[in-house]
There are 2 protein chains.
Amino acid sequence: MTTQTRTPLSKERILGTAVALADEGGVDAVSMRKIAHALGVVPMALYKHVQNKDELLDGMVDAVVGEIDPPVAGADWRTTVRERVLAARRMLLRHPWASRVIEERTRARPDPTPAVMAYMDSMIGIFRAGGLSIDLTHHAMHVMGSRLLGFSQELFEDAADPDAPPAPPPPPELAERFPHIAELVMGISHDQGSVVGPGCDDQFEFEFALDLVLDGLERRRRQDGRVASSSSSST
Amino acid sequence: MTTQTRTPLSKERILGTAVALADEGGVDAVSMRKIAHALGVVPMALYKHVQNKDELLDGMVDAVVGEIDPPVAGADWRTTVRERVLAARRMLLRHPWASRVIEERTRARPDPTPAVMAYMDSMIGIFRAGGLSIDLTHHAMHVMGSRLLGFSQELFEDAADPDAPPAPPPPPELAERFPHIAELVMGISHDQGSVVGPGCDDQFEFEFALDLVLDGLERRRRQDGRVASSSSSST
DNA sequence: ACCTGAACACCGTTCAAGT
DNA sequence: ACCTGAACACCGTTCAAGT
């Protein structure tokens with residue numbers, strides 16, 4: 001009905017609308033019918049620019065992975081990787097649906113999408129330039145794999161909202177069934193100012209894990225140098 | 001039509017059928033209608049034992065998490081955690097749909113399901129008994145979070161099937177666009193017997209990452225002892 | 001030749017009608 | 001009072017009919 005009809009449909013416009021819908025309403029808000037409706041178009045019109053929904057999801061993945069800030073030049077490998085991963089995390093926080101879709105689509109396709117390939121290629125290049133052996137770089141990519149795309153971690157999920165109600169103290173029945181969880185929740189609370197825990201600082205926890213992994217890789221790199229790659233590890 | 005009608009419907013029977021369907025056909029094979037059909041029952045009959053599909057998925061999560069072998073007694077914390085995580089991985093390999101569903105449902109619920117809580121409680125107990133501080137245990141749980149449930153990692157996904165066709169050498173066009181990936185693929189191939197890489201040994205890569213993390217936690221634990229928890233880290 | 005509406009084969013779930 | 005079939009509001013996608 002609007003003048004939107006002027007603007008011709010294109011894959012970019014479709015992907016942009018799909019990403020916007022996902023950002024607003026989660027991945028369930030992305031359907032061929034809803035995208036078409038948002039564009040003032042009949043559902044079947046989308047199939048001129050996109051083969052099917054899987055290809056649409058691949059396009060969304062490429063769009064957001066392409067948003068990740070490029071690596072900054074001039075620092076050591078550890079800093080460069082760290083910044084790049086934190087940039088990836090910022091993208092994932094902007095698009096909460098993305099980690100799920102990236103994982104799903106990467107699993108479903110024979111190869112990752114081009115932007116994901118480019119991201120991986122760049123990351124491998126940083127490791128290699130930093131002096132990691134091919135073997136160690138390969139292991140490093142696997143280690144980062146579960147991390148750099150930020151899957152899960154929030155097993156506690158205490159709601160990041162700082163204005164949330166103070167969260168009821170753990171019911172005594174929980175303390176009885178799960179004493180160690182209860183101790184942890186209490187302990188975390190005491191370490192901080194507030195009486196009952198305001199939940200976890202996800203950014204801190206993410207960086208803790210990232211640094212733990214980077215420390216380990218740097219240690220392995222130095223060992224590699226000393227033992228001249230005597231271990232013929234698998235793959 | 002069969003004598004199945006004799007066996008009364010129960011939540012256990014429904015969950016067992018749902019898990020079997022998922023094991024065979026993936027998570028898409030799990031629908032209220034298909035479960036009902038497999039049980040020789042009308043779809044609405046399921047709603048007597050299960051409030052809705054989300055509750056069914058929660059039940060499936062609890063069923064498979066409950067399958068994880070309990071911790072073995074008498075070893076140091078590092079070995080105990082290692083064995084437990086490898087047991088979790090074995091469960092995830094038996095039920096390839098599980099990591100996705102566990103993540104989805106854990107994200108959607110206010111608290112994890114009871115079996116997941118029990119698993120976490122047990123894991124926390126192992127860390128604490130091993131001498132990790134409450135703070136460090138908390139960080140450790142976050143670090144393990146993305147790992148112990150085994151999300152992702154397979155970014156390469158070279159098909160674990162050892163009898164797969166030798167995999168075509170990377171097309172020269174790929175080597176041009178993604179030189180670092182190409183180098184890695186070639187390098188991995190050379191390190192092994194075969195001419196072109198047979199893909200990754202996922203079990204090896206998993207254990208490499210796990211040991212990297214456990215090494216890092218053990219190191220932090222020893223540091224903690226020396227500095228008497230001077231760092232008042234967030235959460 | 002192009003576009004598109006109706007239709008197909010699915011969903012989870014509601015609800016009223018039948019026993 | 002209980003059970004259940006039809007119906008509702010959705011899906012992605014096919015395909016034939018209309019321009």
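Here is the naming used below: chain letters follow the sequence lines, and residue numbers restart at 1 for every chain. No hydrogens, no waters, no symmetry mates; every other heavy atom, side chains included, goes into these values.
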Undergrad: Which whole number of Å gives the distance between the P atom of D/dC8 and that of C/dG18?
TA: 16 Å
Undergrad: Roughly how many Å apart are C/dT19 and D/dA7, using the P atom of each and rounding to a whole number?
TA: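 Nearest-Å result for D/dA7 against C/dT19 at atom P: 16 Å.
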Undergrad: What integer distance in Å separates A/Lys34:NZ from D/dA9:P?
TA: 14 Å
Undergrad: Consider salt bridge (Lys or Arg N to Asp or Glu O under 4.0 Å). Of B/Arg107, B/Arg105, B/Arg109, which one does B/Asp54 pass it with?
TA: B/Arg105
Undergrad: Within this structure, what is the NE2-to-P distance between B/His37 and C/dC11, rounded to whole angstrom?
TA: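 Rounding to the nearest Å, NE2 of B/His37 and P of C/dC11 are 11 Å apart.
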Undergrad: Would you say the side-chain atoms of A/Thr113 and A/Asp62 include a donor-acceptor pair closer than 3.5 Å?
TA: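 There is such a pair (donor and acceptor under 3.5 Å, judged by atom type) between the side chains of A/Thr113 and A/Asp62.
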Undergrad: Under 4.0 Å between a side-chain nitrogen and a carboxylate oxygen: does that hold for B/Arg84 and B/Asp69?
TA: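 Between B/Asp69 and B/Arg84 there is no salt bridge, as every charged N stays at least 4.0 Å from the carboxylate O atoms.
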Undergrad: Does a side-chain N-to-carboxylate-O contact under 4.0 Å join B/Arg89 and B/Glu207?
TA: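 Salt bridge between B/Arg89 and B/Glu207, a charged N being under 4.0 Å from a carboxylate O: no.
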Undergrad: Taking for each residue the nucleotide of DNA chain C with the nearest heavy atom, is it A/Lys48 or A/Arg33 whose nucleotide lies nearer the 5' end?
TA: A/Lys48
Undergrad: Which pair of heavy atoms, one from B/Ala98 and one from B/Met91, lies closest together, and at what distance?
TA: CB-SD, 4.4 Å
Undergrad: Once pairs are restricted to Watson-Crick or G-U wobble with both distances under 3.5 Å, how does DNA chain D read as a dot-bracket string, [ ] for crossings and | for other-strand pairs?
TA: ||.|||||...|||||.||
Undergrad: Could you tell me the separation between the CD atom of B/Glu55 and the P atom of C/dG12, rounded to a whole number of Å?
TA: 15 Å
Undergrad: Measure the spacing between CH2 of A/Trp97 and CD1 of A/Ile102 and express it to the nearest 0.5 Å.
TA: 7.0 Å
Undergrad: Starting at atom CG of A/Asp28, determine the distance to atom C1' of D/dG12, rounded to an integer number of angstrom.
TA: 15 Å
Undergrad: To the nearest angstrom, how far is A/Leu46 atom CG from C/dT4 atom P?
TA: 11 Å
Undergrad: In whole Å, I'd like the distance from the CE atom of A/Met32 to the P atom of D/dC10.
TA: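 Atom-to-atom, A/Met32 to D/dC10, this comes out as 18 Å.
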Undergrad: Of all heavy-atom pairs between A/Leu92 and A/Ser99, which one has the smallest distance, and what is that distance?
TA: CD2-N, 3.7 Å
Undergrad: With 3.5 Å as the limit, what N/O pairs link the protein to nucleotides 14-19 of chain C?
TA:
none

Undergrad: Going by an N to O cut-off under 4.0 Å, is there a salt bridge joining A/Glu103 and B/Arg100?
TA: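 Answer for the salt bridge query: no.
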Undergrad: Rounded to whole angstroms, how far apart are NE2 on B/His49 and P on D/dC2?
TA: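 Nearest whole value for this atom pair: 14 Å.
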Undergrad: Distance check needed: D/dC10 P versus A/Lys53 NZ, whole Å only.
TA: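 It works out to 15 Å between those atoms.
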Undergrad: Go through it in stages, so that I can follow the logic: the residues are A/Asp121 and B/Arg177, the test is salt bridge (Lys or Arg N to Asp or Glu O under 4.0 Å), and I'd like the CA-CA distance, side-chain angles, deciding distance and then a yes or no.
TA: CA-CA 9 Å; A/Asp121 192 68; B/Arg177 285 181 65 191; over 6 Å; no
Undergrad: Just compare C/dG5, D/dG12, C/dT13 and give me whichever is closest to any side-chain atom of B/Asn52.
TA: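 So the side chain of B/Asn52 is nearest to C/dT13.
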